[in-house]
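Structure record follows, encoded as structure tokens.
Just so we're on the same page: letters track the sequence lines, and every chain starts at 1. These numbers come from the heavy atoms of this one structure, side chains and all, not from hydrogens, waters or symmetry mates.
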Amino acid sequence: MSYDFKKIETKWQNFWKVDQTFKTRSNIKFPKYYVLDMFPYPSGAGLHVGHPLGYIATDILARYKRHKNYNVLHPQGYDSFGLPAEQYAIQTGQHPQKTTEVNIKRYREQLDKMGFSFDWSREIRTSKSNYYKWTQWIFLNLFESYYDIKKDKALPISNLIDCFKKNGTRDLSASSNSKTLEFSGVEWNSFTEVKKEKILLDYRLAYLSETQVNWCAKLGTVLANEEIINGVSERGGYSVEKKKMKQWSMRIGAYSERLINDLDKVDWPDSLKEMQKNWIGKSKGASINFKIKMSSYQIEVFTTRPDTLFGVTFMVLAPENEIVHKITSKSQLEVVKAYIKSSSKRSEKDRLSETKKISGVFTGAYAIHPINGDEIPVWIGDYVLAGYGTGAVMAVPCGDQRDHDFAKHFSIPIKNIFLNIDISSKAYSEKSNFKLKNSEFLNGLDYKKSFEKIISHIEKKGFGNEKINYRMRDAVFSRQRYWGEPIPIYYKNGIPTSIGKKNLPLKLPQVENYLPTSDGSPPLGNAKKWAWSVIDKKVVSNELIDNESVFPLELNTMPGWAGSSWYFYRYMDPHNNEFFVGNEAVNYWREVDLYVGGSEHATGHLLYSRFWQKFLFDLDLLPVDEFAKKLINQGMILGSSAFIFRKSGTNNFYSKNLINNFKTDAIRIDVSILNSYDEVNIDALKKWQPQFNEANFILEEDKFYASREVEKMSKSKYNVINPDEICERYGADTLRMYEMFLGPLEQAKPWSMSGISGVHSFLNKLWRLYHPNNIFSVKEDDPQNESFKTLHKTIKKITEDINNYSFNTCVSAFMICVNELSLQKCNHRIILEPLTILLSPFAPHISEELWSLLGKKSSLVYEKYPTFDSSFLMESIKNYPISFNGKMRFRLDIDLDLTSKEIKNIVLNDSRTSKYIGGKTIKKIIVVPEKIINIVF
RNA sequence: GCUCGAGUGGUGGAAUUGGUAGACACGUUGGACUUAAAAUCCAAUGACCAUUGCGGUCGUGCGGGUUCAAGUCCCGCCUCGAGUACCA
């Protein structure tokens with residue numbers, strides 16, 4: 001009887017299923033532990049070995065905490081709405097509903113094989129109507145709320161209406177997209193309903209507005225900023241252009257400050273916090289108004305350098321800025337129009353790649369310097385972005401490199417305001433080591449002093465004020481796509497109106513043609529029988545009602561991140577039909593204790609989730625305002641792609657080391673064709689792709705080698721390693737331990753097969769230790785102290801490492817432990833029992849099997865087994881010094897002036913040290929100050 | 001450009017957070033068991049010098065510094081990775 005992992009793993013996986021071992025208890029008298037993975041998109045490719053990395057880590061924690069008598073919530077589900085699922089469906093020409101189901105089934109099979117302890121009774125799918133009902137419900141809450149700046153929280157829109165009724169916009173402190181509006185309470189009451197609604201729309205947290213959006217024609221939809229990487233779409237890499245469209249947006253900007261500040265409350269990686277801070281992009285400066293000469297218009301600019309106000313020699317507006325049309329002089333009208341037209345045609349990608357190109361035109365208008373009254377020419381140029389600040393800058397060529405370049409290019413004067421600093425070749429943009437000149441009352445001051453003085457001056461004179469600006473834009477929330485949550489809004493006289501929370505869910509209709517359209521009209525428009533009747537207040541999806549009583553529904557759907565922004569709360573109470581999460585459940589579970597997932601979600605999912613969390617907290621729907629206490633970014637497991645080389649223009653392939661002297665083409669081949677020495681199996685290669693049948697292979701020493709390159713793991717790169725294959729060959733326990741052993745969880749690391757045999761042979765060794773002569777046997781008597789020491793040492797190490805999420809060192813500790821026990825020939829029951837428990841989070845199947853061989857029922861269910869707690873073992877270990885490899889460390893009172901002989905005597909006679917030195921010969925005693933000595937045996 | 005992170009044997013990576021650098025594993029070499037192979041076990045394995053026994057010198061990207069003691073702390077560079085990018 002050898003270690004038959006297949007038999008063992010099937011046996012226990014079936015047992016866990018039948019036993020419902022991992023179902024979360026409802027008993028709430030135990031402390032809770034909520035450990036969560038970022039739920040996957042069920043894409044068509046299935047899981048590769050990179051996906052389970054984080055799941056293994058959380059599974060270890062979940063199983064470990066169960067042993068520690070925690071009530072553990074460890075759920076899993078699928079983020080099944082959104083672009084990835086839909087793109088896959090389109091590529092394979094199937095309905096997304098169908099592909100999603102097929103993909104989920106495949107994912108589940110793969111996950112089950114790895115022995116995860118998920119509570120599947122709580123599975124959720126964002127595309128199921130009993131889930132997205134609540135996504136829509138949260139949307140309606142956002143729609144029915146506004147942000148009160150003074151109280152610094154979201155409030156029901158009815159509060160705002162009351163405020164308008166009483167005082168109009170006087171004393172108003174609410175976030176909105178139009179700040180110029182002013183009216184009295186009397187005026188408000190006289191407005192028509194339609195006008196009132198239009199005004200309110202500008203204050204809602206989910207609002208509809210005409211905005212500049214990123215339009216991706218190839219995907220047929222708009223994209224949020226974080227869905228664009230380097231000017232092209234994250235999905236598919238298609239080009240993106242700016243376009244004005246009427247879109248739903250989320251007022252995340254209102255939460256900017258809280259999203260930054262509350263990062264201090266959570267234990268998340270610093271790098272991730274930094275990313276979020278950069279993304280929100282807070283900057284402190286001033287808002288300054290410049291009047292336009294001979295006109296009533298004025299230009300508001302934001303600047304972080306109001307101290308350089310006297311260095312302004314021109315102004316630049318973004319081409320999209322609406323004021324351009326109002327101030328452009330007649331003589332410049334044609335060139336300005338032409339410029340605006342040409343810059344709007346450029347895609348985001350072009351704009352990025354042409355950043356060095358300086359372009360712009362003069363508008364013919366002049367602004368008046370608010371202090372010295374100078375006339376300042378107003379230009380437009382596309383280095384000024386419409387989306388940031390006010391879409392206008394005061395250009396200070398001596399203090400900003402871009403302004404400097406622009407001024408040089410168009411021969412605009414450059415005024416130097418920095419004392420003894422040469423700005424003839426480039427701008428001086430440092431905020432330190434300068435004194436101002438040519439700046440009237442700011443002369444001689446440094447940055448800090450002049451900043452304060454100018455702010456107080458402009459505030460006193462009333463042409464500006466101190467201002468904090470954020471880079472983050474409100475998030476565009478509409479997608480012109482089929483596979484997403486329908487937005488539960490209908491249009492009454494053109495005014496977006498809630499369909500009513502009690503009418504949810506608004507189900508996604510079946511349509512014949514779900515493909516996106518290039519003109520941006522949503523596919524939901526293809527639903528022939530999808531309308532909403534105001535008569536019975538019900539969604540009628542089966543028949544069309546006559547025109548009078550039917551209002552058009554919103555046809556856009558929600559973006560992929562909608563459903564994923566709150567799913568962690570649904571797991572707490574997944575079957576609740578009355579509420580998105582029940583009170584009792586949410587007050588018990590509160591928040592996620594440990595969240596594990598990739599850092600690629602830093603500025604998307606994780607930021608939006610924090611936003612929704614704070615919103616729901618403001619409405620008293622949740623007890624905490626951060627959803628995850630601790631977060632770990634697991635590093636990606638990279639693939640190691642294989643290439644072979646063909647001499648250019650021939651059909652001759654050369655082994656890796658023979659290609660020095662001629663030009664070659666590198667051809668990607670499937671990694672399964674190589675062995676672990678990068679040797680290519682040519683027969684397999686020919687079988688894989690028949691094109692190689694005709695090729696000649698030039699070998700070195702009878703072998704043909706390929707070269708490797710580390711890349712992201714993906715199907716198209718032929719470098720995918722499937723976990724099923726590893727499970728088949730080595731077993732799930734080996735896979736789990738090996739993935740942990742590969743390196744620190746947070747680190748990106750290439751997959752390699754070379755170490756897996758070491759982990760596998762460790763499990764083999766463990767098995768053999770308790771199966772001398774192939775029969776299970778344990779000794780019932782007491783082992784030597786040596787074996788206890790090994791056990792205690794291991795317990796200490798594993799406990800510490802798990803608490804530090806350092807799983808790679810855990811695996812090492814296990815290996816050392818089993819090696820030592822093997823040497824000691826220690827197969828005593830009293831050692832094996834705790835060892836089995838200790839091992840079970842890492843290699844659950846084999847430990848279950850050993851546990852059952854010991855005559856126990858299941859080591860994994862805390863109710864059935866006394867809590868595993870290392871503290872009693874730690875008591876005894878305190879009296880043992882920890883010895884690694886014959887080195888021992890003590891703290892003793894030793895005078896540094898003593899001779900080595902005297903020190904040796906002290907060591908030998910000390911009650912603590914002598915106990916452990918025993919009969920061993922001391923090789924060396926190393927004394928360092930602070931009373932520490934190291935003894936080498 | 002800016003922000004953050006990382007550089008340790010042939011390889012992946014340890015180092016009790018300032019205390020014998022290289023744990024553990026892979027790989028390599030030698031040995032045992034085998035007719036043989038596989039599997040398994042044992043030993044060696046940072047570099048250099050000395051090997052008859054010791055032993056010695058140098059070593060954590062580079063250059064300085066603090067300290068009895070630095071992979072770890074400080075200053076200045078170099079390289080790589082991640083994020084972001086005309087953000088006023």
Side-chain angles (χ1 to χ4, degrees), chain A residues 2 225-226 229-231 269-279 281-283 285-286 301-306 308 315-316 318 351-352 354-358 381-385 387-396 399-403 405-406 429 469-473 599-600 602-603 633 635-636 676-677 737-738 741-744 746-759 761-762 764-765 768 796-797 800-801 806 808-817 819 822-823 882 884-887 889 891 896 923-930 932-936:
Chain A
S2 62
N225 286 350
E226 71 290 331
I229 312 284
N230 294 328
D270 288 339
S271 59
L272 194 144
K273 290 184 179 182
E274 204 60 38
M275 270 191 237
Q276 293 206 342
K277 277 184 197 162
N278 289 342
W279 187 259
K282 178 180 179 176
S283 54
V301 299
F302 172 76
T303 176
T304 52
R305 294 298 302 276
T308 63
M315 302 193 75
V316 188
R351 208 163 153 156
L352 277 174
E354 291 170 14
T355 49
K356 294 281 158 341
K357 252 189 198 168
I358 296 165
D382 64 4
Y383 83 93
V384 175
L385 304 174
Y388 183 75
T390 57
V393 301
M394 59 176 225
V396 183
D400 184 287
Q401 193 53 46
R402 291 153 305 164
D403 296 346
D405 294 342
F406 196 87
S429 50
N469 204 37
Y470 299 93
R471 192 188 78 108
M472 181 169 64
R473 319 298 329 140
S599 60
E600 67 273 19
T603 55
N633 288 133
M636 221 190 307
S676 49
Y677 303 97
M737 289 195 95
Y738 182 57
F741 184 70
L742 266 176
E746 297 90 339
Q747 208 169 84
K749 50 222 164 229
W751 176 264
S752 120
M753 279 304 234
S754 63
I756 201 163
S757 64
V759 175
S761 68
F762 153 75
N764 242 317
K765 207 171 187 174
R768 279 201 317 274
K796 181 178 193 288
K797 180 85 176 130
E800 281 172 3
D801 285 350
S806 172
N808 53 330
T809 51
C810 283
V811 180
S812 297
F814 280 124
M815 289 177 176
I816 295 168
C817 176
N819 278 339
S822 294
L823 281 179
I882 301 152
F884 286 107
N885 315 314
K887 298 165 201 168
R889 178 167 302 146
R891 266 167 204 273
L896 290 175
K923 256 195 191 166
K924 210 192 222 173
I925 298 178
I926 298 153
V927 184
V928 291
E930 318 238 350
I932 295 171
I933 63 165
N934 295 308
I935 302 173
V936 182

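Among the nucleotides B:G83, B:A15, B:C24, the one closest to the side chain of A:T809 is B:A15. Comparing B:C24, B:C42, B:C87 against the side chain of A:S812 picks out B:C24 as the nearest. Comparing B:C26, B:A85, B:C87 against the side chain of A:S754 picks out B:C26 as the nearest. The nucleotide whose nearest atom lies closest to any side-chain atom of A:W279 is, among B:G13, B:U84, B:A23, B:U84. Side chain of A:S761, nearest nucleotide from B:U40, B:A23, B:A88: B:U40. Listed candidates were B:U3, B:A25, B:G13. Nearest to the side chain of A:N278 is B:U3.
Base orientation of B:U20: anti, the glycosidic angle falling outside 90° of 0. Base orientation at B:G9 is syn, since its O4'-C1' glycosidic dihedral falls within 90° of 0.
Pair check for B:C24 finds B:G12; Watson-Crick or G-U wobble, both atom distances under 3.5 Å. Base-pair partner of B:C58: B:G46 (Watson-Crick or G-U wobble, both distances under 3.5 Å). When both pairing distances are held under 3.5 Å, B:A70 makes no Watson-Crick or G-U pair with any nucleotide shown. Across every strand in view, B:A88 sits unpaired, with no contact that passes the Watson-Crick or G-U test at under 3.5 angstrom. Across every strand in view, B:C33 sits unpaired, with no contact that passes the Watson-Crick or G-U test at under 3.5 angstrom. Of all nucleotides present, only B:A6 satisfies the Watson-Crick or G-U wobble test against B:U79, with each distance under 3.5 Å.
Rounded to an integer number of Å, the gap from A:Q276 CD to B:C4 C1' is 14 Å. The CD1-P distance, from A:I816 to B:A15, rounds to 11 Å in whole Å. With rounding to whole Å, A:D400 atom CG is found 14 Å from B:C2 atom C1'. Straight-line distance from the CZ atom of A:R471 to the P atom of B:G83: 14 Å, rounded to whole Å. A:E600 has its CD atom 10 Å from the P atom of B:G83, to the nearest Å. Remark: C1' of B:U11 and CZ of A:F741 are 12 Å apart, rounded to the nearest angstrom. Spacing between atom CD of A:E746 and atom P of B:G83 amounts to 17 Å, rounded to whole angstrom units. Across the protein-nucleic acid pair, A:E274 atom CD and B:C2 atom C1' stand 11 Å apart, rounded to whole Å.
Using a 3.5 Å distance cut-off with no hydrogens or angles, the side chains of A:K765 and A:N819 do pair a donor with an acceptor.
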When you look at A:S283 and A:Y388, which way does the side-chain hydrogen bond (donor to acceptor under 3.5 Å, both in side chains) test go after all the steps? CA-CA 12 Å; A:S283 54; A:Y388 183 75; 3.1 Å; yes
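In this structure, A:R471 CZ and A:K277 NZ are separated by 15.0 Å, a value rounded to the nearest 0.5 Å. Note that NZ of A:K749 and CE of A:M636 are 11.0 Å apart. Values are rounded to the nearest 0.5 Å. Considering OH of A:Y738 and CZ of A:F762, their distance stands at 15.5 Å, rounded to 0.5 Å. Taking NZ of A:K797 as the reference point, atom OG1 of A:T809 lies at 4.5 Å (rounded to 0.5 Å).
To the nearest whole angstrom, the two P atoms, one in B:G59 and one in B:U72, are 14 Å apart. If you take atom C1' in B:U79 and the same atom in B:U40, they sit 45 Å apart, rounded to whole Å. The gap from the C1' atom of B:A38 to that of B:C33 amounts to 13 Å, rounded to the nearest Å. Between B:C77 and B:U29, the distance separating the two C1' atoms is 41 Å to the nearest Å. Only the C1' atoms considered, B:G5 is 50 Å distant from B:G53, to the nearest whole Å. A gap of 48 Å separates the C1' atoms of B:A15 and B:A88, to the nearest Å. Only the P atoms considered, B:A14 is 12 Å distant from B:A6, to the nearest whole Å. If you take atom C1' in B:A82 and the same atom in B:C68, they sit 40 Å apart, rounded to whole Å.
Nearest-nucleotide mapping onto RNA chain B: of A:G389 and A:D801, the residue sitting toward the 5' end is A:D801. Both A:K749 and A:M275 sit near RNA chain B, but only A:K749 has its closest nucleotide nearer the 5' end.
Counting any heavy atom pair closer than 4.0 Å across all strands shown, A:N808 reaches sugar-phosphate atoms only and no base atom. Here A:N819 lies in heavy-atom contact (under 4.0 Å) with sugar-phosphate atoms only. If you check every strand for non-hydrogen atoms under 4.0 Å, A:S599 touches nothing. Using a 4.0 Å heavy-atom criterion, one finds that A:P744 contacts the sugar-phosphate atoms exclusively. Looking at heavy-atom distances under 4.0 Å, A:K277 makes no contact with the nucleic acid at all. A:Q747 comes within 4.0 angstrom of sugar-phosphate atoms only, judged by non-hydrogen atoms across all strands, and of no base. Counting non-hydrogen atoms under 4.0 angstrom, A:F814 reaches nothing in the nucleic acid.
Between B:C41 and A:K765, a contact under 4.0 Å exists linking OP1 or OP2 to a side-chain N or O. Proximity of A:R768 to the phosphate of B:C41: a side-chain N or O atom is located under 4.0 Å from OP1 or OP2.
Of the possible donor and acceptor atoms, one in the side chain of A:Q276 sits under 3.5 Å from a partner among the backbone N and O of A:A602.
By the 4.5 Å heavy-atom criterion applied to side chains, A:V316 and A:Y383 are counted as neighbours.
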